[in-house]
Structure formats: C-alpha cells, structure tokens
Amino acid sequence: MSVKEIFETMEYGPSAESASEALAWLATQETGFGQFIDGAFTAPGDTFESRNPATGALLAKVTQATQADVDAAVAAARAAQPKWEKLGGPGRARHLYALARLLQKHARLFAVLETLDNGKPIRESRDIDVPLAARHFYYHAGSAQLMASEMPGRVAMGVCGQIIPWNFPLLMLAWKVAPALATGNTVVLKPAEWTPLTALLFADICRQAGLPKGVVNIVTGDGAVGEMIVASEVDKIAFTGSTEVGRRIREATAGSGKALTLELGGKSPYIVFEDADLDSAVEGLVDAIWFNGGQVCCAGSRLLVQEGVAGRFHAKLKARMEKLRIGDPLDKCIDVGAIVDPVQHKRIAEMVAASDGEVFQPGPCPEGCFYPPTLITGLAPASALMQDEIFGPVLVSATFRTPSEAVEMANNTRYGLAASVWSENINVALDVAPKLAAGVVWINGSNMFDAAAPFGGLRESGFGREGGPEGLTAYTRPAGKPKPGKPVAAFPGGEAEPQPVDRTAKLYIGGKQARPDGGYARNVHDKRGALIGQAPLASRKDIRNAVEAARGAAGWAGASAHNRAQVLYYIGENLSARSDGFATLLDRLTGGRDGAKEVETSIERLFTYAAWCDKFDGRVAGVPLRGTALAMRAPCGVIGGLCPDQHPLLGLVSLMAPAIAMGNRVVLVASEPFPLAATEFYQVLDTSDVPGGVVNILTGSHAELAPTLAGHADVDSVWSFSGAPLSEVVERHAAGNLKRSWVNDGTARDWTGADGEGRAFLDAATEVKTVWIPWGA
Ligand code: NAI
C-alpha cells in the first residue's frame, strides 16, 4: 500500500510484535516440558500439545502429570513449608520482590508467550496482564514485610493447592502464588491445559530468583490432575474457573478440613442510565465485554440500558463495533484476538446459534478461531443467554425504565461477581451501587483490577477474596494447634415420675412463638434425670418458615449501624434484668455452676458487638489507577447457624450478635443437649425492639436440620459450631448454591474468652464489596 493510499483510506498497516524470543525459549524444550517439582523440571512424560489458537501452530508439548507427580509436588511443598515460613516476613518479602523484578525484566517475553498461548491481543498481555502480575508480587512483598505487625496471631495454612483457568494464565498465577507465599505457605499450582506456558516460564523465573526449592511447584495437565490436587494432602484449595467445577470441588472437599476459596463465573450487569456520558459508556463497554474476547469472569456481558436512551446508545455501540479490529493477536493494533481454543469457539457459536434474539455482528471476521463481537437484543429476561455465562465476545442487552427496575434486573441472576454503573448523577450511581448483588462494582468504569483492591464474588460466583489484606486472611489461620472438641450429650431421664410441666416451649419464627410443624417435643432433663421442660423438635418445614421470615426482614440490612447497636444494647440490658433467672436455669440445664458467669459474659458480648456495629467499616484501597476503591463491608444476608452444645446461652449470643450487628438476619438452631436457655431468650428478644424475622430460633436435632439449613437456596451463609460432626454434611449441602460455610466441629473453642468473639466472626458476617469510584484524576 502506498503512502497516498494510506492517507486516503486511513487503513491500519500491520504492526506485528516479534515472536522470535518466545519461540526460541520454547525451542529449548523441544522434546516437551516436564513438571516443576522441588526446584527442578522433571523429564517429560506423556505429553499433550499446546497450540497457538490464532494459527493452530504447535507451540510446545506439555506433560500430563501423574498421581506420582502430584504426590511428589505436594511432598516437596510440605517439606519446604516450615523453613519458608520461618524465614519470616522480611525474608519472604525479598524473594517476592525478586520475582516481581524478574517478571518486569522479562515482561516482553511473558507478554508474547501469553499471547501466543492464549490468543489475547498483545496490547492486553503487554499493558494489562503482565504489569498487573508484577504489581501483585510487589504488593505482596509488602504484605510479607508487614505480616508480623499487621496480622498478629496468624500463621500460614501450610501447603496450598491452586488451580487456575486459561483466560488470564499468568495473572491468575500471580493472584494465587503471591499472597500464598507472602504469608508463609508453599504451593502446588496447576495451570489450565490450554495455557500452561507462562506458568512454566514462571517456574524458570523462580529458579533464577533463587526461590528455595519446593516453595513453588507447578504440575501440568487437565481436570484429572486438578482432581488429584483437590484430593491430595494439602491444607487449602484455591480455585478459579467454572461454577460447575467449583461446585464439584466444594463437594469433594466437604468435611476434609481443607480451606477453600472459589472464584467462579459471572453474568455481570453493565447498567447505563439515561444521564450517563454515552460515549464514555460505549468505550467502557468495549473494555467490559471485548477485553480478552469476553473470556473474563467479570465481563460486563449483560447490558441494561435505560429505555429513553437505548436507541441512541445501541446506534453508537454498533458504530463502535464496526471499528473493532479482529485478527492476529500479535498485531499491536488489534482489539479482539483469537478465542482460546476451537472447543471454546464451538461452545460460543452454539450458544449464539441457539438464541432467539436479534443478533448483530459487524463483518468481516477472520477465518479460524476468531469470533466476531456480537450484540444480541430482544431476549426475554429468563432466556438462556440472559442467564448463562457465554465466556466469549457476546453482549446481551435489555432495557429498563427506573433505577429500581435496573437493580431488580441486575440482580436477577444466580451469579454475583461484578457490575458496572454508568451515570453522571452521583446520587443515582451511589444509590444503586450498594443495592447490586456483586462483590465488585465499578462506577463509570469497568474491568479495573489492582492488588490492593479485593476481588471476588457472591452467590454462584463463589466465595473468598483475592487482593488486599482481605485476600490474605484466606491464606492464614490462627496460631496454635486446635484442640479437638467432642459432642455433649443431653442428660437422660431418671427413674422419677415426670414432674408437671407448666410451659411447653415453642420455636421463635418471624418475631413470634410458633408451634413446631411436626407437633413433637422432647423432654429435657437435668443432671439428676429430673424433667426440666420440653423443647420442640423443629422439622425441615420449620427451617423453611424461619428462612422465609428472615428473607422478609431484609429491611434490617438498611437499618443504620447506630440503630443496630441500640437494639443490641437493649437486648443486653433486658438480659441483665433477668440474669438471676437465666443463671439458675443454666446451672440446672448444664449441671454446672458457671451460669451466672455465662450470663455476665453473654451481656458483655452483646455490648461488644453493639460497639462493633459502627466500627467494622472497611477500607479505602490505594490503587494506582484513576479513582479509588472502597473495600466496604456488606451483610451476607441470611445466616444459618448451628449453635455450640456447651454454653447454651453464650453460644447462641456469640453467633447471633455479630451476625445481626453487621445487618444480617439469622436462623439459629439452639444447643441440642441444652435447648431451654434459647427458648427462654425469646422473651428477651420480644422486649428489645428486635424487628420480627431478624432473629429466628429453632430447637431440635442438629443432624436432622443441618442438611436443610445448609442446602436452602435462600440462606446465604451457614455456620456450624455444633458438637456433632456435621462439617461434611454442611459443606456438601452448601455446594448447591455455593453459599459460604464456616464449620468448626472437631475443634474445641473457648466461648468464654477471646476465641469466642471478634474479627473472625465479623469477617464471617460480612461480604467485602469493592466499589471503584472516580476520585481525583
Ligand atoms: P474449568 O473450570 O473446567 O477449568 C478451570 C481449571 O480447572 C483448569 O485448570 C482445569 O484443568 C481445572 N479442572 C477442570 N475440572 C476439574 C476438576 N474436576 N477438579 C479440579 N480441577 C479441574 O473451565 P473450562 O472447562 O476451561 O471452561 C468452561 C467454562 O467455564 C467457560 O466457558 C466459562 O464459562 C467458565 N470459565 C470461567 C472462568 C472464570 O474465571 N470464572 C475461567 C475459565 C472458564
């Protein structure tokens, strides 16, 4: 093309990045890559191919790890862990810093290799993936440096199994490896089978950085290798990938005692209000859905645009789509690269072909593993493409009339990962942001990430956060060896004739005492076998009623922190007024002599959480991007809890108080052996201005009620402190809607001391919601 012709057409010329360095690095392993275990590469075994999706060319042969490889990797990580942790924060910080420096030094090589392997435009791998990965190591070098002072009493989990997807191979590796290493863990990481190459280059970097052997181990292969890691002797699994596999991992790890964080799929809404800067919103949408070809878990894949501007907005959007350049990902002027693999391409094409909406695709699109930017309109809210993750460059669009309708439509999804809100009206944007069921909200922006800003989802988008101090918590545990706990049995009835019972206890549902649906109760005896009273046996139906009542009390989440504190103080005051009666009852129920002390500690605990109401506030994250990120604390919603066996009053209060202090509603199943302290507590609640449905209390068999409580789709989080060994049941049933779970059986907790209250409870009672707002620049 002549210069004159270029001036006339203003066509882009090719601007290809050279692949020669990356290909030369791959050529060093011509016979194939082995596993990176204990600081060295093993010889290649059975290999599979890693291909360039843009051309179909073979890039490398990579080994499918065997069970023996996984075992060796876990053993190497286990052997290396104590010394790595003992190195101390500052010692580990130096290694993380060295890794960051080497990532930067080899940034171009990493970027080109990533683009070759994944098909994403070099512009993205060069300007986003690799710099963000380096930033993650720098940030966590700092976290390691400060760990002793900033995370007192916390120690490493041990060995972490980490499984990552193919959409951000190096960046997801950084998100996993950096916080784990910073906090003293060692890792066994598996990259996705379609994109293992930058992880293998990273292994090389670990060697260059002089990282001690066994601290980072990388095994390659498909889902079968992932399953082996999940089943292996690791202390924690961190997974990013599809919701389906995440659910399987939740089930597979249920009851194993392994910690788990899941970062799963999404169908994130992108909400454009009529007062938005429409041109900016169009540009934001390009970043939201055509960044990485839409193969992004938090892609703004569901456009919701206000009716009055929908026509204009769609016209602008289509015009912009016509200008997007699709093609060779190594070309620096390309906007949309190749789809990661022909399998994924087929999946996208089939989903779009099955849709009954109106499909707009600007032409032309190159042959091969490329898919055109696509807009689909005219879909019903319940249609598959409005609900299911496509994981490709496909945007679906619908319209709304009012802000409340926008919120309703946005939240009409089983996911809860991210959302974008576009409005020039600060009142509209900041009113809508907290109402969105999403772990991350961008205001007038999209797809912004930083190591200091926590990232992660709600609902079927998983649980746990990555980034910031919030992300570090999940890689640590309290110091000290947990003491094994054991269930406490109820006292059996004696020989003596039952005494007349003057009052039959009921359940407490929706602020009212309710008879159990099944109509059954059980006798509760004291230590000598004398009958104290009868406790109702709640059934599955009662659980459902209680959850419904809790759902109905959603207004509590909107009560001010001051008001919540007032209610907690009031409960404390009313309990105090009845302390003698409770003390006597507790002594009788448990056969102990600490009743008065238990009442006193319960009152104090109520006051403690009243104090916390307006003090557990979240944080402003210092992100090096336009704007700032607020890591807010939002209530989880409805929390189901199985109360501890011992300390029947204090145990109940220890679960209830932090949960309601943070704006949650609770469905609690009282101590199984000693239920009558809870039933007595209803009257305290009745006189303390607790809105109906905020606290619901049931009595009965933990083992019978746990599956329904943990499996209920309208329960957002479940805590089990039951003395019965229920963690397997709770975690397995929680897999259904992927709710958060906190299981503690098997470990004894001192409810009377610091172990029974504090930040761990407040963390469990809140979701971190990261809201990015324009600020400063
Ligand atoms: P996937 O969830 O199957 O793969 C992610 C990782 O998990 C890979 O490393 C894979 O080898 C591993 N894995 C697969 N099965 C496993 C198992 N049973 N146990 C342990 N590890 C296992 O995702 P896939 O099949 O590559 O993509 C399917 C769909 O998942 C995509 O179309 C997309 O909708 C979604 N996805 C979401 C991602 C996200 O970041 N949220 C990332 C990748 C895929």
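As the structure lists them, so they are numbered: ligands from 1, and atoms in each ligand from 1.
Nearest to atom 24 (P) of ligand 1 among the protein's heavy atoms is Trp166 NE1, 3.6 Å. Closest to atom 37 (C) of ligand 1 among all protein heavy atoms lies Phe391 CZ, 3.4 Å. Counting protein heavy atoms only, atom 43 (C) of ligand 1 is closest to Pro165 CB, 3.5 Å. Among protein heavy atoms, atom 3 (O) of ligand 1 sits closest to Val245 CG2, 3.6 Å. Distance from atom 9 (O) of ligand 1 to its nearest protein heavy atom, with residue and atom name: Ile164 O, 2.8 Å. At the shortest separation from atom 7 (O) of ligand 1 among protein heavy atoms lies Phe239 CE1, 3.2 Å.
Atom 29 (C) of ligand 1 has its nearest heavy-atom neighbour, among Glu244, Arg347, Met351, in Arg347. With Ala224, Gly223, Gly161 as candidates, the residue nearest to atom 14 (C) of ligand 1 on a non-hydrogen basis is Gly223. Between the choices Arg247, Glu193, Lys267, the shortest heavy-atom distance to atom 11 (O) of ligand 1 belongs to Glu193.
No side-chain heavy atom of Phe370 sits under 4.5 Å from any side-chain heavy atom of His345. Between Leu738 and Arg459, the closest side-chain pair of non-hydrogen atoms is not below 4.5 Å.
For Phe168, the closest heavy-atom approach to ligand 1 does not fall below 4.0 Å.
Here the closest non-hydrogen pair linking Arg135 and Asp450 is NE-OD1, 2.6 Å.
At least one protein heavy atom sits closer than 4.0 Å to atom 41 (N) of ligand 1.
Under 4.0 angstrom from ligand 1, there are no non-hydrogen atoms of Gln295.
Neither side chain, Gln81 nor Arg78, offers a donor N or O lying under 3.5 Å from an acceptor on the other.
Near Gly226, the atoms of ligand 1 lying under 4.0 angstrom from a non-hydrogen atom of the residue are 19 (N), 20 (C), 21 (N). Proximity to Arg248 (heavy-atom distance under 4.0 Å) selects the following atoms of ligand 1: 18 (N). Atoms of ligand 1 found under 4.0 Å from any heavy atom of Glu389, numbered from 1 in the order shown, are 33 (C), 34 (O), 35 (C). Close approach to Thr240 involves these atoms of ligand 1, each under 4.0 Å from a residue heavy atom: 40 (O). Distances below 4.0 Å separate heavy atoms of Asp222 from the following atoms of ligand 1: 11 (O). Each of the atoms 41 (N) of ligand 1 lies under 4.0 Å from some heavy atom of Gly265. The Lys190 neighbourhood of ligand 1 comprises atoms 8 (C), 9 (O), 10 (C), 11 (O), with distances under 4.0 Å to a heavy atom of that residue.
Under the 30°/60° scheme for interplanar angles, the aromatic rings of Trp175 and His136 are found to lie parallel.
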